[in-house]
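These notes are about the structure you will find just below.
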Amino acid sequence: MKIEVHITESLCKACGYCIEACPKKVLELANYFNESGFHPACIIKKEECTGCGMCYQVCPEVAIEVTREK
Ligand code: SF4
Ligand code: SF4
């Protein structure tokens, strides 16, 4: 199964909900700023991602997409 997590960094408001929700600690806030002046969420441990979709579900900005392909 191919799992992809895509974060639209320009939409991220750095609330950290996705980071708290991820059971595998895949996500973290980046050390750079997006165009709105927030540190966007980014993927630090892609290989740990199970594709559970929790990050997608909690993001209030709809900045995360999770796709699973067989
Ligand atoms: S899909 Fe699940 S495991 Fe993967 S980054 Fe999102 S919350 Fe974490
Ligand atoms: S939940 Fe959404 S807005 Fe909040 S840090 Fe994660 S990607 Fe950014």
Side-chain angles (χ1 to χ4, degrees):
M1 178 119 59
K2 187 167 179 269
I3 300 165
E4 288 287 342
V5 176
H6 180 260
I7 301 170
T8 305
E9 294 188 349
S10 59
L11 294 178
C12 179
K13 300 284 194 302
C15 66
Y17 293 163
C18 58
I19 295 166
E20 287 171 31
C22 177
K24 296 292 186 179
K25 306 293 176 215
V26 170
L27 307 169
E28 215 171 78
L29 293 183
N31 59 8
Y32 53 85
F33 296 100
N34 66 12
E35 62 207 51
S36 303
F38 297 105
H39 293 283
C42 66
I43 298 156
I44 55 161
K45 289 193 288 184
K46 187 175 192 280
E47 66 286 353
E48 297 281 320
C49 178
T50 61
C52 70
M54 288 300 292
C55 54
Y56 158 79
Q57 288 187 33
V58 300
C59 180
E61 307 300 329
V62 200
I64 303 182
E65 273 181 301
V66 180
T67 56
R68 282 173 281 190
E69 282 173 31
K70 286 200 177 142

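Values reported hereafter were calculated over all heavy atoms of this structure, with side chains retained and with hydrogens, waters and symmetry mates removed. First listed ligand is number 1; within each ligand, the first listed atom is number 1. The chain is numbered in sequence order, starting from 1.
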Distance under 4.0 Å to a non-hydrogen atom of [X]: what atoms of ligand 2 satisfy this?
X	answer
Glu61	3 (S)
Cys12	3 (S), 5 (S), 7 (S), 8 (Fe)
Cys18	1 (S), 5 (S), 6 (Fe), 7 (S)

To check your reading of the model: name the closest protein heavy atom to [atom], its residue, and the distance in Å.
atom	result
atom 8 (Fe) of ligand 1	Cys22 SG, 2.3 Å
atom 6 (Fe) of ligand 1	Cys55 SG, 2.3 Å
atom 1 (S) of ligand 1	Gly53 N, 3.3 Å
atom 4 (Fe) of ligand 2	Cys15 SG, 2.2 Å
atom 5 (S) of ligand 2	Gly16 N, 3.2 Å
atom 2 (Fe) of ligand 2	Cys59 SG, 2.3 Å
atom 3 (S) of ligand 2	Lys13 N, 3.4 Å

Rounded distance (nearest 0.5 Å) linking atom [atom1] of [X] with atom [atom2] of [Y]:
X	Y	atom1	atom2	answer
His39	Phe33	NE2	CZ	3.5 Å
Lys24	Thr50	NZ	OG1	6.5 Å
Lys13	Cys59	NZ	SG	9.0 Å
Tyr17	Met54	OH	CE	14.0 Å
Ile44	Leu29	CD1	CG	10.0 Å
Leu11	Glu35	CG	CD	8.5 Å

Need the ligand 1 atom indices (1-based, order shown) with element for anything under 4.0 Å from a heavy-atom of Val26.
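Those atoms are 5 (S).
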
On a heavy-atom basis, which atom in Ala41 and which in Cys12 lie closest, and how many Å separate them?
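Between these two residues, the closest heavy atoms are N-SG, 3.4 Å.
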
Of the non-hydrogen atoms in Leu27 and Ile43, which two are nearest, and what is the gap between them?
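Looks like CD2-CG1, 3.7 Å.
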
For ligand 2, which part of Ile64 has a heavy atom less than 4.0 Å away: the side chain, the backbone, both, or neither?
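The answer is the side chain.
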
Within less than 4.0 angstrom of ligand 1, does Ala21 place any heavy atom?
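Per 4.0 Å heavy-atom rule, Ala21 does not contact ligand 1.
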
Heteroatom test (N, O or S) for Cys52 near atom 4 (Fe) of ligand 1, limit 2.8 Å:
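Given the 2.8 Å cut-off, Cys52 does not count as a ligand of atom 4 (Fe) of ligand 1.
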
Lys/Arg N to Asp/Glu carboxylate O, Glu4 vs Lys2, below 4.0 Å:
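Judged by the 4.0 Å cut-off on N to carboxylate O distance, Glu4 and Lys2 do form a salt bridge.
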
Are any of the side-chain heavy atoms of Pro40 and Tyr32 separated by less than 4.5 Å?
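They are in contact (side-chain heavy atoms under 4.5 Å apart), so the answer is yes.
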
What part of Thr50 sits under 4.0 Å from ligand 1 if we count only heavy atoms: the side chain, the backbone, both or neither?
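The answer is both.
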
